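Below is one structure; the comments refer to it alone.
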Amino acid sequence: MRQVIIIGSGPAGYTAAIYAARANLSPLVVASSVEAGGELMNTTEVENFPGFPEAIMGPDLMAKMQEQAERFGAEVLYDDVVSLDIDGPVKKVTLGSGASHEADALVFATGSAPRKIGIEGEARLSGRGVSYCATCDGFFFRERVIAVVGGGDSAMEEATFLTKFASKVYIIHRRDELRASKIMQERAFKNDKIEFVWNSEVVDILGDEAVTGVVLEDTVDGSRRDLALDGVFVAIGNDPRTHLVHDKLDLTAEGTVWVDGRSSRTSVPGVFAAGDVIDPTYRQAVTAAGSGTVAALDVEHFLAALGEAGAPAPDAAEIDGLPGAEPVAKVDAA
């Protein structure tokens with residue numbers, strides 16, 4: 001029986017593990033068997049995480065976070081959670097290996113997954129020219145012509161990185177201006193290998209065994225044209241990974257896990273959430289890390305209030321010293 005299990009190994013999960021481990025809670029971190037480290041494992045240089053003025057590669061940052069958590073006594077398990085039983089005071093986590101673990105408290109920090117365009121050719125050619133990770137697949141497109149779909153920071157970062165390999169990179173955006181930060185825009189605009197395709201939406205991806213091009217629809221006049229390509233990188237945002245808690249935790253209208261005010265408390269006592277899975281707005285590594293801190297402190301207070309082993313879980317009102325607010329409008333999972 002554990003005191004706390006943390007599901008997720010991104011900035012939120014590992015920061016929660018660092019704080020929980022320093023509080024002698026001996027947390028178990030279920031890090032995933034294939035996606036350990038979260039979305040930063042697919043990121044190149046991280047320039048805006050405090051403490052790294054010369055920038056740091058995403059995988060290196062996550063390795064340091066894991067090392068720090070383990071230094072204080074966190075245990076990291078490379079497996080995948082397939083089901084949760086969180087109704088009673090004991091929270092049960094079942095893994096893909098068939099093993100199960102129980103704890104008094106649970107931190108849900110599963111992050112987000114890349115959003116898909118949602119067209120037939122995308123699914124059919126995924127892994128055969130359609131990718132969601134430039135750092136994973138960029139090497140395979142040396143001297144090829146490729147496109148990045150999107151207009152935010154992620155799209156600019158992907159496109160800039162891909163110019164190291166590709167002969168030409170199109171950035172396809174459905175509007176005539178970008179959402180990306182100024183510094184990311186400037187880098188893309190200055191890169192001779194990048195060409196912008198404005199007011200255009202990808203409505204089909206062409207190819208039988210591999211990508212040969214896309215069909216673009218003009219968002220202004222509705223006209224369509226083909227663009228020959230060897231690859232398509234999709235960078236249009238992310239969706240929270242909430243499939244494990246559908247019908248178990250309340251969700252917001254944005255699809256994120258509902259939490260009470262500025263706390264990490266969910267609709268189920270003893271279950272806390274942190275990181276991108278609760279954040280539809282900011283979605284930064286540093287805000288996720290801060291959210292993980294909140295979750296660990298909330299867990300510590302919860303366990304202290306829990307008292308003797310086997311005592312019923314306290315309601316939020318019984319836990320002194322925790323930040324919170326009156327519940328806002330929330331919706332059940334569909």
Side-chain angles (χ1 to χ4, degrees), residues 1-32 36 38 65-111 244-245 248-249 257 259-260 263-275 277-278 288-324:
M1 179 78 169
R2 304 272 180 167
Q3 293 186 82
V4 58
I5 295 174
I6 299 167
I7 303 174
S9 56
Y14 274 140
T15 304
I18 291 167
Y19 272 76
R22 291 186 73 251
N24 294 321
L25 300 181
S26 302
L28 173 66
V29 180
V30 183
S32 174
M65 286 189 179
Q66 178 177 347
E67 181 181 352
Q68 190 171 0
E70 290 177 324
R71 173 192 169 200
F72 292 115
E75 179 184 350
V76 178
L77 183 62
Y78 296 102
D79 206 335
D80 300 295
V81 178
V82 295
S83 67
L84 297 173
D85 183 354
I86 57 175
D87 290 338
V90 176
K91 315 306 177 187
K92 183 178 179 180
V93 175
T94 302
L95 306 178
S97 63
S100 62
H101 298 270
E102 296 181 341
D104 293 313
L106 183 70
V107 175
F108 194 68
T110 51
L244 286 171
V245 294
K248 297 180 184 294
L249 297 178
V257 174
V259 291
D260 183 13
S263 78
S264 65
R265 298 190 301 271
T266 70
S267 55
V268 174
V271 179
F272 305 83
V277 79
I278 69 169
S291 180
T293 301
V294 170
L297 295 176
D298 284 351
V299 166
E300 189 176 358
H301 281 285
F302 174 83
L303 294 175
L306 196 60
E308 298 180 359
D315 294 328
E318 297 175 330
I319 305 176
D320 295 329
L322 287 178

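What's counted below: heavy atoms across the whole structure, side chains too, no hydrogens, waters or symmetry copies. Bear in mind that the values here come from a model prediction, so they are computed numbers and not experimental data.
- Applying the side-chain contact (heavy atoms from CB on, under 4.5 Å) rule to Ser291 yields the partners Ala274, Ile278; only residues at least two apart in sequence or on another chain are considered.
- Annotation: the span from Phe108 atom CZ to Leu249 atom CG amounts to 7.0 Å, rounded to 0.5 Å.
- For the atom pair NZ of Lys92 and CD1 of Ile5, the computed distance is 11.0 Å after rounding to the nearest 0.5 Å.
- In terms of heavy atoms, Met1 sits closest to Asp104 at CE-OD1, 3.1 Å.
- The two residues Ile6 and Pro27 make their nearest non-hydrogen contact at CD1-CB, 3.9 Å.
- Proximity of a side-chain donor or acceptor of Ser263 to a complementary backbone N or O of Val259 within less than 3.5 Å is not detected.
- Annotation: the span from Ile7 atom CD1 to Ser32 atom OG amounts to 11.5 Å, rounded to 0.5 Å.
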Exercise for the section: Evaluate the side chain to side chain contact (heavy atoms under 4.5 Å, CB included) criterion for residues Leu77 and Val29: first the C-alpha distance (whole Å), next the side-chain angles of each, then the deciding distance (0.1 Å), finally the verdict. Expected result: CA-CA 6 Å; Leu77 183 62; Val29 180; over 6 Å; no
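- Between Lys248 and Val268, the shortest heavy-atom contact is O-CG2, 3.5 Å.
- In terms of heavy atoms, Ala105 sits closest to Leu303 at CB-CD2, 4.3 Å.
- Every side-chain hydrogen bond (donor to acceptor under 3.5 Å, both in side chains) that Glu75 has, sequence neighbours left out, goes to Arg2.
- Partner of Val271 under the side-chain contact (heavy atoms from CB on, under 4.5 Å) criterion, chosen from Ile86, Val299, Val245, Val107: Ile86.
- Remark: Phe272 CZ to Leu106 CG distance equals 9.5 Å, nearest 0.5 Å.
- In terms of the side-chain contact (heavy atoms from CB on, under 4.5 Å) criterion, residue partners of Val82 (sequence neighbours excluded) are, by chain and number, Thr94.
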Extract all donor-acceptor atom pairs below 3.5 Å that involve side chains of residues 16-24 and protein atoms in other chains or at least two apart in sequence.
none

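- Remark: Glu70 engages no residue in a salt bridge (charged side-chain N to carboxylate O under 4.0 Å, His left out) (not counting sequence neighbours).
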Handout entry: Criterion side chain to side chain contact (heavy atoms under 4.5 Å, CB included) on Val76 and Tyr14, from CA distance to verdict
Key = CA-CA 10 Å; Val76 178; Tyr14 274 140; 3.8 Å; yes
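- Within the 4.5 Å cutoff, the side chain of Gln66 has no heavy atoms near those of the Ser9 side chain.
- Here the closest heavy-atom approach between residue Gly275 and residue Ala12 is recorded as CA-CB, 3.6 Å.
- The salt bridge (Lys or Arg N to Asp or Glu O under 4.0 Å) analysis of residues 79-90, with sequence neighbours excluded, yields no pairs.
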